[in-house]
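Down below is the structure, laid out as structure tokens.
Numbered from 1 within each chain, the chains take letters A, B, ... in sequence-line order. Just so we're clear, the structure is a prediction, and the values are computed from it rather than from any experiment.
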2 protein chains.
Amino acid sequence: MNKIDIKYLAKELNLAISTVSRALRDSHEISAATKAKVFALAEQLNYEPNPNASGLRGQKTKMIAVVIPDMVNDFFSLVISGIEKITQSKGYHILLYFTHGDHELEVSFIKTLASGRVDGVLLSMSSENNNRHYLGELEKKGIPLVMFDRVCDTLQHGVKVTSDNYESAIIATRHLVDAGCKKIAYLQVPKNISVGKVRMQGYLDALKKHSFQTAPLVLESTNDNEETFEALKQMLLREKPDGIFASIEKLAVICYRVCEKIRLKIPEDIKVISFSNLQTASLLNPSLTTITQPAFDIGETAANELFNLINKKDKSLAVERNVVLKSRLVKGRSTARY
Amino acid sequence: MNKIDIKYLAKELNLAISTVSRALRDSHEISAATKAKVFALAEQLNYEPNPNASGLRGQKTKMIAVVIPDMVNDFFSLVISGIEKITQSKGYHILLYFTHGDHELEVSFIKTLASGRVDGVLLSMSSENNNRHYLGELEKKGIPLVMFDRVCDTLQHGVKVTSDNYESAIIATRHLVDAGCKKIAYLQVPKNISVGKVRMQGYLDALKKHSFQTAPLVLESTNDNEETFEALKQMLLREKPDGIFASIEKLAVICYRVCEKIRLKIPEDIKVISFSNLQTASLLNPSLTTITQPAFDIGETAANELFNLINKKDKSLAVERNVVLKSRLVKGRSTARY
DNA sequence: GATATTTACGGAAACGTTTCCGTGAATTTG
DNA sequence: CAAATTCACGGAAACGTTTCCGTAAATATC
């Protein structure tokens with residue numbers, strides 16, 4: 001029942017505390033014989049260093065924070081899996097935070113994280129139109145930050161990992177055009193987040209370049225699914241588009257339900273494509289054509305970028321770096337020519 | 001650029017360190033006037049207490065660990081969301097670990113967690129047939145443990161949160177019988193984990209009681225999806241069951257793919273039911289009948305149970321407690337009578 | 001009005017590490 | 001072989017809190 005700490009090991013081995021500490025960290029100023037003895041006893045007694053003590057002394061916690069909106073779709077699950085692969089290999093730990101799209105909560109998380117709880121932060125922002133002054137707190141304390149997917153486009157410096165949303169949106173829109181669509185609607189994400197804006201810009205530009213459609217047709221959704229369901233139903237009945245481009249997975253799912261409700265057949269009456277990482281997209285009725293982001297890869301890349309910052313000697317965070325990964329088009333029956 | 005710690009606040013206010021500390025913790029032995037001053041300055045300077053220091057001193061970290069196999073399906077995402085709701089409200093932090101089904105990794109996680117990194121552990125085991133001696137490390141250090149879903153059935157003491165797997169398996173099997181199935185196959189999870197065993201027992205007992213089927217038909221799957229795909233294909237071709245009961249979601253997905261491959265129509269040729277938390281189950285082709293576990297609720301409950309242990313005065317962990325939550329049957333077209 | 005209690009605060013120890021500084025002994029150097 | 005360096009380790013400070021113990025003044029008790 002005795003707590004086994006370095007002091008206990010030292011007493012047991014008739015060594016000084018400092019010697020034991022150095023031995024455990026494999027210091028060169030300790031003889032091989034002594035090291036062996038220390039390792040053996042540590043192993044035998046199942047010694048584990050106290051992370052608070054080393055964290056307090058050395059100012060490094062071996063922990064990183066992952067701050068994301070939530071985990072309602074497969075995208076963030078995959079990102080986290082990618083992050084975990086890296087942290088695992090580096091012996092780091094993951095602290096997980098959900099902002100639930102609440103900007104205030106995000107600010108409060110970041111502020112507490114700036115107190116030395118973690119060595120670095122991975123962030124996918126809940127809303128990007130707010131002020132971003134709070135991110136400065138991290139910088140002030142020298143805690144590296146890497147943003148991914150939902151990044152802050154007005155922030156110049158910093159490392160950002162995203163996917164090619166603009167190009168993918170063009171590809172998606174053109175895919176609908178090629179499938180024969182004459183009137184394509186775009187379902188916009190609730191919040192005014194940058195990925196939504198960029199994707200919509202791709203849709204708009206692609207319409208101009210590749211389609212005969214005169215005016216864009218955009219439905220702004222809300223966070224209330226029922227509300228969005230109704231709005232979409234009205235829009236489909238009124239405007240009768242023959243193609244739907246959903247900017248996020250949830251909207252495609254709602255779209256499927258609306259089509260079922262008002263007896264619109266996919267892909268015969270209307271074709272659907274969506275940004276999505278749904279692993280069962282190919283099993284849907286009909287199988288959903290998706291733009292699939294490299295979610296796992298985004299996680300891995302963001303984590304690697306963060307560790308680069310953490311291990312950097314000089315803490316000049318003035319680096320600016322944009323890593324853009326490629327999404328891919330996965331064709332399903334929802335956009336098939338019939 | 002000055003680090004703002006308690007010492008700095010104290011100097012600034014001409015107070016002792018101890019006074020500032022007590023004021024911040026709203027101690028009764030500090031006058032209202034002094035508290036106000038301290039709070040004001042702390043607010044103004046954005047003071048955040050150093051978690052390592054308080055953790056080291058007070059032996060409480062305000063963190064809990066969540067150890068799960070992985071996040072490849074929606075079940076664990078939902079569980080974590082439930083956990084997060086509780087930790088969030090208690091001001092706690094979540095450390096997330098994936099064992100990837102590797103028992104050795106799980107042991108090593110638990111061992112390092114026993115060093116005082118967290119105040120409690122939530123665990124869903126990767127494999128339950130191995131020795132469980134390592135769990136004693138936590139108990140020895142007085143760190144509470146709550147197991148959920150994949151619990152250790154041979155461990156007598158401890159708190160466990162599960163769902164009614166046995167009863168649900170009976171309901172699922174009977175549902176297939178009621179749908180007209182004469183030959184029902186059971187797809188067993190790869191590892192010999194307790195949920196799998198319990199569910200299979202429900203299947204076996206239900207067969208005896210509710211069906212005319214003479215012999216059970218069980219396919220043991222492996223972690224290799226391709227291998228399982230082939231095995232299932234052979235089994236379907238050879239045995240020609242007219243009902244499939246998948247013990248986990250992944251097996252249902254594989255089943256769908258196999259049926260597509262060998263042109264078996266669901267539900268006309270074969271009916272399928274599965275344990276699953278897939279949020280798009282109703283959108284599959286055909287919509288999948290599921291036994292849906294109360295995943296979010298499991299997370300909430302497990303977290304609440306853990307906090308009960310953490311806040312318990314006497315650390316006698318001898319409590320034994322089994323919380324069982326109800327799953328529900330969600331009917332889809334995959335088991336429809338035609 | 002002398003003693004007991006409460007109030008409000010200060011000083012210092014303690015939590016378990018890491019690391020700076022020091023120091024004899026052993027080894028190398030010129 | 002004296003001086004310089006290296007080797008292998010010990011002592012103690014420091015990280016930022018929390019809390020035990022002490023204490024002077026203020027208030028309460030009989």
Side-chain angles (χ1 to χ4, degrees), chain A residues 2-39 41-42 45-63 112-119 141-143, chain B residues 2-39 41-42 45-63 112-119 141-143:
Chain A
N2 254 334
K3 66 207 163 210
I4 31 191
D5 52 12
I6 280 198
K7 202 185 301 182
Y8 183 78
L9 294 183
K11 185 153 288 175
E12 205 72 6
L13 291 166
N14 265 331
L15 288 172
I17 292 179
S18 52
T19 305
V20 176
S21 174
R22 275 184 280 241
L24 288 172
R25 318 196 88 237
D26 206 21
S27 163
H28 65 275
E29 31 180 348
I30 301 298
S31 73
T34 306
K35 278 182 193 173
K37 278 186 206 166
V38 173
F39 279 130
L41 188 64
L45 295 181
N46 243 313
Y47 167 78
E48 290 284 343
N50 182 306
N52 282 318
S54 29
L56 177 58
R57 175 58 224 243
Q59 314 290 12
K60 51 199 54 175
T61 62
K62 286 274 177 184
M63 298 197 280
T112 64
L113 286 174
S115 68
R117 188 177 283 277
V118 295
D119 294 348
K141 299 290 177 56
I143 298 176
Chain B
N2 253 333
K3 63 206 165 212
I4 31 190
D5 52 13
I6 279 198
K7 200 185 301 182
Y8 182 80
L9 293 183
K11 185 152 289 175
E12 205 72 6
L13 291 166
N14 266 329
L15 289 172
I17 291 178
S18 53
T19 305
V20 176
S21 173
R22 274 185 280 243
L24 288 171
R25 318 197 86 236
D26 207 20
S27 162
H28 64 275
E29 33 181 345
I30 301 298
S31 74
T34 307
K35 277 182 192 173
K37 277 186 207 167
V38 173
F39 279 129
L41 189 63
L45 295 182
N46 244 312
Y47 166 77
E48 290 285 343
N50 182 305
N52 282 319
S54 25
L56 177 58
R57 174 58 224 242
Q59 316 289 13
K60 51 198 55 174
T61 61
K62 286 271 175 187
M63 298 198 281
T112 64
L113 286 174
S115 68
R117 189 178 282 277
V118 295
D119 294 349
K141 300 289 178 54
I143 297 176

At a 4.0 Å cut-off to heavy atoms of chain A, the contacted part of DNA chain D spans D:dA8 to D:dG16
Over 12 foreign heavy atoms within 6.0 Å of NZ, B:Lys37
no
Heavy-atom nearest nucleotide on DNA chain C for B:Gly58 versus B:Lys35: which residue maps closer to 5'?
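First, find each residue's nearest nucleotide; the 5'-ward one identifies B:Lys35.
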Item to check | Earlier contact from the 5' end, DNA chain C, for B:Leu56 and B:Ile30 | outcome: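 Of the two residues, B:Ile30 wins.
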Distance-minimising heavy-atom pair for [X] and [Y]:
| X | Y | answer |
| --- | --- | --- |
| A:Ala23 | A:Ile30 | N-CG1, 4.0 Å |
| B:Ala114 | B:Lys141 | O-CG, 3.2 Å |
| B:Asn52 | A:Pro51 | OD1-O, 4.1 Å |
| A:Thr61 | A:Asp119 | N-OD1, 2.8 Å |
| A:Leu13 | A:Leu41 | CG-CD2, 3.7 Å |

#### Entry: First encountered from the 5' end of DNA chain D, between A:Ala32 and B:Thr19
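The answer here is A:Ala32.
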So what does [X] hit on the nucleic acid, given a heavy-atom distance under 4.0 Å: a base, only sugar-phosphate, or nothing?
| X | value |
| --- | --- |
| A:Ser54 | sugar-phosphate |
| B:Pro49 | sugar-phosphate |
| B:Ser31 | sugar-phosphate |

So do [Y] and [X] actually touch side chain to side chain, heavy atoms under 4.5 Å?
| X | Y | result |
| --- | --- | --- |
| A:Ile6 | A:Tyr47 | yes |
| B:Met63 | A:Met63 | yes |
| A:Ile143 | A:Leu113 | no |
| A:Asn50 | A:Asp5 | no |

Could you go over nucleotides 22-25 of chain C and give all protein N or O partners under 3.5 Å, atom names and distances?
none

Q) Looking at five pairs on each end of the helix from C:dG1-D:dC30 to C:dG30-D:dC1, what is the angle between the two axes, given to 10 degrees? A)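 Nearest ten degrees gives 30° for this helix.
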Worksheet entry | B:Thr34 side-chain N/O to C:dA8 phosphate OP1/OP2 under 4.0 Å |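 The answer is no; no side-chain N or O of B:Thr34 sits under 4.0 Å from OP1 or OP2.
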Taking B:Ser27's backbone N and O only, do any of them form a donor-acceptor pair with B:Lys35's side chain (distance below 3.5 Å, no angle check)?
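Side chain of B:Lys35 to backbone of B:Ser27: a pair is present.
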